[in-house]
There are 4 protein chains.
Amino acid sequence: MPAATTKREDILQSALTLFAERGFDATTIPMIATDAKVGAGTIYRYFENKEVLVNTLFQHYVSLFRQTLEHQYPSDQGIREQFHHLFQGMIRFTNEHDHALYFIKTHNASYFLNEESRGEFHRLLMILEHFLDEGKNKKQIRLLPSKALIAIMFGGFLELYKLIRAGEIEASEALLAGVEESCWDAVRHHS
Amino acid sequence: MPAATTKREDILQSALTLFAERGFDATTIPMIATDAKVGAGTIYRYFENKEVLVNTLFQHYVSLFRQTLEHQYPSDQGIREQFHHLFQGMIRFTNEHDHALYFIKTHNASYFLNEESRGEFHRLLMILEHFLDEGKNKKQIRLLPSKALIAIMFGGFLELYKLIRAGEIEASEALLAGVEESCWDAVRHHS
Amino acid sequence: MPAATTKREDILQSALTLFAERGFDATTIPMIATDAKVGAGTIYRYFENKEVLVNTLFQHYVSLFRQTLEHQYPSDQGIREQFHHLFQGMIRFTNEHDHALYFIKTHNASYFLNEESRGEFHRLLMILEHFLDEGKNKKQIRLLPSKALIAIMFGGFLELYKLIRAGEIEASEALLAGVEESCWDAVRHHS
Amino acid sequence: MPAATTKREDILQSALTLFAERGFDATTIPMIATDAKVGAGTIYRYFENKEVLVNTLFQHYVSLFRQTLEHQYPSDQGIREQFHHLFQGMIRFTNEHDHALYFIKTHNASYFLNEESRGEFHRLLMILEHFLDEGKNKKQIRLLPSKALIAIMFGGFLELYKLIRAGEIEASEALLAGVEESCWDAVRHHS
DNA sequence: CATGAATGAGCCTTCATTCAT
DNA sequence: AATGAATGAAGGCTCATTCAT
């Protein structure tokens, strides 16, 4: 017994998967429709056009990711604990929303994103930048540009996750803990 | 007196730039033709179709990158020196072939790559894997899956380079040295 | 207490207005439904499809117009009185059914009209032809093909009415009398 | 041996015929392509889109018609001679460009016409208005709004021509002379 | 009966690819 | 060999029509 607007969810889910796997340009509306088991025209009942669909998707997941990172953020604890919180956030978010983070990563600089999407993404970066800047002030994070450090964290984790998704390596607790440690070492200040 | 097949080179060069900047799907044959200053039909004298063109391009640069990494590889030196060699290779390659590494990174998992392209890319990964496996044996590299470590190195450097290309940060010597150090710390074994 | 099939009337009324203002092809079923304040599906309870709807509408108003012209037709009076009757009929009909005559005029040669619609329109022309043929016999109407004269009357009046509807000129008594006189002069026999 | 850009002409010719017969909205690009014996895509080599095509067509024929009316205009002669000149212009233009005048008449108030098209059409009306206003000043034309008189002339002639085109009546010299006389009587001042 | 969500045929348009020159 | 005009398959999108509620 499908809930009221299952179709909208189905469309978003199919679009997310396909955009993540093939990219926006290589994903056609008929592909999404087929995958979501709806007629092509139905997509236009829920989204004005293909660009509105990506932007909706993008904003939704960026916002959700940001909330995940912000939720119970341990501001009063040490930098390492904060890093752990962020890293766990990435993992949790990725586990809950399979293709979302990869989609965000591969589409965050795309020509079709509107102001709101860019703004939402910017807000996400702000959280990470703020964390890093604080850490740099306390000499606990390397004195590299925040964006470069974010790139390393993000890039590393996502390339890793791509491998996990492809089934090439397994996502054990130990592995994830190890990768967190690795990323932390990449980012932290070494005396 | 232009070399016999300057046109082929021109086409490849234009395709590289455009694929890197806009992506394969958003780049049209007429765009490439215009940029290369040849007729659209001419492209089909040198490449059977658009997919053959990307695959040719991809294989060419992946191979070149691999050769860059292999060239004068300091097998007889310490692990840190080897890492430095690899990292410098990335930088040198990127400096010599402006868009190539970014193109490789953004297209290495694409639906249109054929077996040979995937194979070539795999061969590239092998070099890095070999380096890491050796290091792990010697307890000088973290005991994480090589592919995960590669992902971190690759991902980090390339996300960084994206920022450099976008003009958001400057590619100073110090920055690159700092990033190398950061990546090394991500990868090396900590006692 | 609304009559049994108010909805059918509402639909026809909305369709008339929209077809007259935008034309058949540029008018969508949802537009008609919205204007008539019914669901889109409801239209299909009363009309098999869009073409049946136009044809119904066309036949209805052509028939009504014919009846208006025939009503109290002064067969026993002079040709000028008969002309006046016809001209007044056009005016009266147009006043009572705002968009109807314009709709008839702009759609009477359309590809989507069926045999019955064409027949009904033909019957309308017959009245005018009969009037003209009589007049020609009595040497009171020009010896031009009836259809040509009809075209002049019809064409002139309707182009005029278009201007009135567009608000470019005002529909004063004097103007209408003047136009009637003009049309009459176009049609009558000049010794 | 087709001239350099026969295709452009073919497309315009086919579009003119189809727009006149079915109207802009009911005419599809594939229809035009089939009629012009070109591929659908070819139309877009010559016209940016369907709207540009109609506007090009509209401006071309309105301009041509205006030139026909202006050519050797007998300003120095009497009002009746001027009327004759204009009427002959309509006939000549219609004979030379079969569907053009009907196309102009049925599309001159359409939503898809751009400023330039509207301007061109306005210029055409100016000629006729100027003729009528002069005549009214000299008490040789009825004191009805110029636009109403134009409507009568235009409307009458075109409805007539529609019949001729449909083969329902024949376009003999005598007929045309008679219709001209009829229109003139509709328009001229009767003392 | 009435509704409007859902559908898919078909439209406009783009672009990879062909081929006459 | 090189070109670019021509093509038509395919994509995004609209809307007449259906049908479950």
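Letters A, B, ... mirror the listed sequences (proteins, then strands); counts begin at 1. Worth knowing before you read on, the calculation uses all heavy atoms, side chains too, and leaves out hydrogens, waters and symmetry mates.
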Student: Where does the angle between the aromatic ring planes of F103(A) and F19(A) fall among parallel (under 30°), tilted (30 to 60°) and perpendicular (over 60°)?
Tutor: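 Aromatic pair F103(A)/F19(A) classed parallel.
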Student: Could K50(A) and F112(A) be counted as a cation-pi pair, given that NZ or CZ must be under 6.0 Å from the ring centre and within 45° of the axis?
Tutor: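 Output no; distance or angle outside limits.
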Student: Protein-nucleotides 13-15 of chain F N/O pairs closer than 3.5 Å?
Tutor:
{"residue": "dC13(F)", "atom": "OP2", "partner": "Y44(A)", "partner atom": "OH", "Å": "2.6"}
{"residue": "dC13(F)", "atom": "OP2", "partner": "K50(A)", "partner atom": "N", "Å": "3.0"}
{"residue": "dC13(F)", "atom": "O5'", "partner": "Y44(A)", "partner atom": "OH", "Å": "3.3"}

Student: Which comes earlier along DNA chain F counting from the 5' end, the contact point of V38(B) or that of T27(C), where each point is its nearest nucleotide?
Tutor: V38(B)
Student: Sequence neighbours excluded, which residues qualify as side chain to side chain donor-acceptor pair (under 3.5 Å) partners of K105(A)?
Tutor: E159(B)
Student: Can you give me the closest heavy-atom contact between F24(C) and H107(C), atom names plus distance?
Tutor: N-NE2, 3.2 Å
Student: So, Y61(C) versus H97(C), ring centres under 6.0 angstrom or not?
Tutor: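 Yes: the rings meet the under 6.0 Å criterion.
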Student: Rounded to whole Å, please give me the gap between CZ in R8(D) and P in dG4(F).
Tutor: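 In whole Å, dG4(F) P and R8(D) CZ are 20 Å from each other.
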Student: Rounded to the Å, how far apart are D25(A) CG and dG11(F) P?
Tutor: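 Interatomic distance, CG of D25(A) to P of dG11(F): 13 Å.
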Student: Atom CD1 of I43(C) to atom C1' of dC19(F): distance rounded to whole Å?
Tutor: 16 Å
Student: Strictly below 4.0 Å, heavy-atom distances to any atom of DNA chain F: list the hits from residues 10-18 of chain C, or just say none.
Tutor: none
Student: How about N114(D) and Q59(D): does a side-chain donor come under 3.5 Å of a side-chain acceptor?
Tutor: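 There is such a pair between these side chains.
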Student: Can you run down the side chain to side chain donor-acceptor pair (under 3.5 Å) pairs that involve residues 23-34 of chain D, sequence neighbours left out, and say none if there aren't any?
Tutor: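 Counting only pairs at least two positions apart or across chains, the side chain to side chain donor-acceptor pair (under 3.5 Å) contacts touching residues 23-34 of chain D are D25(D)-Y111(D).
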Student: Can you find a side chain N or O atom of Y46(D) that sits less than 4.0 Å from OP1 or OP2 on dA6(F)?
Tutor: yes
Student: Hey, which of these two, K37(C) or R45(B), hits DNA chain E nearer its 5' end, going by closest nucleotide?
Tutor: K37(C)
Student: Output the distance between atom CG (D35(A)) and atom CG (D10(A)), rounded to the nearest 0.5 Å.
Tutor: 9.5 Å
Student: According to side chain to side chain donor-acceptor pair (under 3.5 Å), who are the partners of T56(B), at least two apart in sequence or on a separate chain?
Tutor: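 Here no residue qualifies.
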Student: Roughly, in whole Å, what's the span from CZ in F112(B) to P in dA16(E)?
Tutor: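 It works out to 13 Å between those atoms.
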Student: Rounded to whole angstroms, how far apart are CG on L53(B) and P on dA16(E)?
Tutor: 11 Å
Student: For F47(D) and dC12(E), what is the distance between atoms CZ and P respectively, to the nearest whole Å?
Tutor: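 Value for this atom pair: 15 Å.
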Student: Taking all heavy atoms of M31(C) and all of A26(C), pick out the closest pair and write down the distance.
Tutor: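 Nearest heavy atoms, M31(C) then A26(C): CE-O, 3.7 Å.
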Student: Based on Watson-Crick and G-U pairs with both distances under 3.5 Å, what dot-bracket line describes DNA chain F 5' to 3', crossing pairs as [ ] and inter-strand pairs as |?
Tutor: .||||||||||||||||||||
Student: Taking the same atom, C1', in dC1(E) and in dT21(F), what whole-Å distance lies between them?
Tutor: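 My reading of the C1' atoms in dC1(E) and dT21(F) gives 12 Å.
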Student: Show the nearest heavy-atom pair for residues F58(A) and S117(A), with the distance to one decimal.
Tutor: CE2-O, 3.5 Å
